[in-house]
Number of protein chains: 2
Amino acid sequence: MFSKSCQYAIRAALYLAVHAVDGARIGVRELADKLEVPQPFLAKVLQQMVRGHLISSVKGPRGGFFLSERNQEVTLKQIVLSIDGPDAFTSCILGLPVCSGTHPCPLHFQAMAYREGLNYQLKYQAIGDLAQRISREEMNI
Amino acid sequence: MFSKSCQYAIRAALYLAVHAVDGARIGVRELADKLEVPQPFLAKVLQQMVRGHLISSVKGPRGGFFLSERNQEVTLKQIVLSIDGPDAFTSCILGLPVCSGTHPCPLHFQAMAYREGLNYQLKYQAIGDLAQRISREEMNI
DNA sequence: TTTGTAAAAGATATGCGGGTCCTTTATTAG
DNA sequence: CTAATAAAGGACCCGCATATCTTTTACAAA
Ligand code: FES
Ligand code: FES
């Protein structure tokens, strides 16, 4: 479904939303440590996200990653789109060259139901909103 | 979601169910040709399926692949299990080490809803049954 | 029994996502 | 201004899914 890069990206963004509050910045070290993912690889993903304006960063002492006001409004969908591209939700689950309702594969309608549901979630949940749910309902990231 | 091997496996099984009727056998050549997948690789997947008793084969002239009576009863779920292993439907969509409802990731419940639907489909649809739907509703495989 | 045919098996290549390392650049505290 | 710090950027490596090729084995028809 999601590539590893994309999973890391989402989890990192959520971690920042929950923990990088009040102007605090968080470094790759802590991030990689808390998410339990390989540090150098996470760094790559993070800078890719910065380039895509999904998260923000400052260099130097007391620097690190954080979410600007704009970044809080970023949706999970934007992250997926930016990292994995648009095909995750539009390609046929059986790998057929085209996914269409007029000549569907046998799993098409069931797969679409699933994907549409998830898609909706991704589309309308901003990082900032999710952060609150996460702390409130003590979810894992 | 599914690996390429698994996609090929499912499509091949369905093709056999639809076309290898009345004791006819179908060779790798035709199969690869019709499904538009790489022939030598498909051959590997097919023999893997034979070993797993998901499909049947005979060597020699007029030989090829087909579905025995037992094979008709095989479900898509068995194919997925045999090719991709059990993790496809039980692992966390964000890659967390465990997927559980008690400490869920933010996408857990939405993802589960989707997956359960698909899972049901895979679990209760036997190849033989699907074959009829496919011809009747002119679906693509 | 012979011969042609087609799958089985094994060894081998390739591409890419995933992962690491090293150097450069920017920032800020002192 | 300087030194310490942390991200950015570039080059590189590795394993595995994917894909290919060659040889061997089994079967069936004649
Ligand atoms: S055609 Fe296969 S999922 Fe739509
Ligand atoms: S915990 Fe992530 S999908 Fe269940």
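The chains referred to below are lettered A, B, ... by the order of the sequence lines, with proteins before strands, and numbering in each begins at 1. These numbers were taken from a predicted model, which means no experiment stands behind them.
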What is the distance, rounded to the nearest whole Å, between atom [atom1] of [X] and atom [atom2] of [N]?
X: A/Glu30; N: D/dA7; atom1: CD; atom2: P; answer: 11 Å
X: A/Met49; N: D/dA7; atom1: CE; atom2: P; answer: 14 Å
X: A/Ile26; N: D/dA7; atom1: CD1; atom2: P; answer: 11 Å
X: A/Arg51; N: D/dA8; atom1: CZ; atom2: C1'; answer: 8 Å

Interface limits on DNA chain C, where chain B has a heavy atom under 4.0 Å of a nucleotide atom: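 Contacts span C/dG4 to C/dA11, reading 5' to 3'.
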
Side-chain H-bond candidate by donor/acceptor type, B/Thr102 with B/Ser100, under 3.5 Å: yes

Side chains of A/Glu30 and A/Tyr15, donor plus acceptor under 3.5 Å: yes

side-chain N/O A/Ser57 vs D/dA6 OP1/OP2, d < 4.0 Å: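 For D/dA6, OP1/OP2 do not have a side-chain N/O of A/Ser57 under 4.0 Å.
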
Step through the shown structure and confirm whether more than 12 heavy atoms of other residues, nucleotides or ligands are within 6.0 Å of [atom1] on [X].
X: B/Phe109; atom1: CZ; result: yes
X: A/Glu137; atom1: CD; result: yes
X: B/Lys4; atom1: NZ; result: no
X: B/Glu69; atom1: CD; result: no

Sequence-aligned protein contact record of nucleotides 17-30 of chain D, with B where the base is within under 4.0 Å of a protein heavy atom and S where only the sugar-phosphate is: -SBB----BBBB--

Donor-acceptor contact present, side-chain A/Gln121 to main-chain B/Gln110, <3.5 Å: no

A/Arg62 backbone acceptor or donor facing A/Arg25 side chain under 3.5 Å: yes

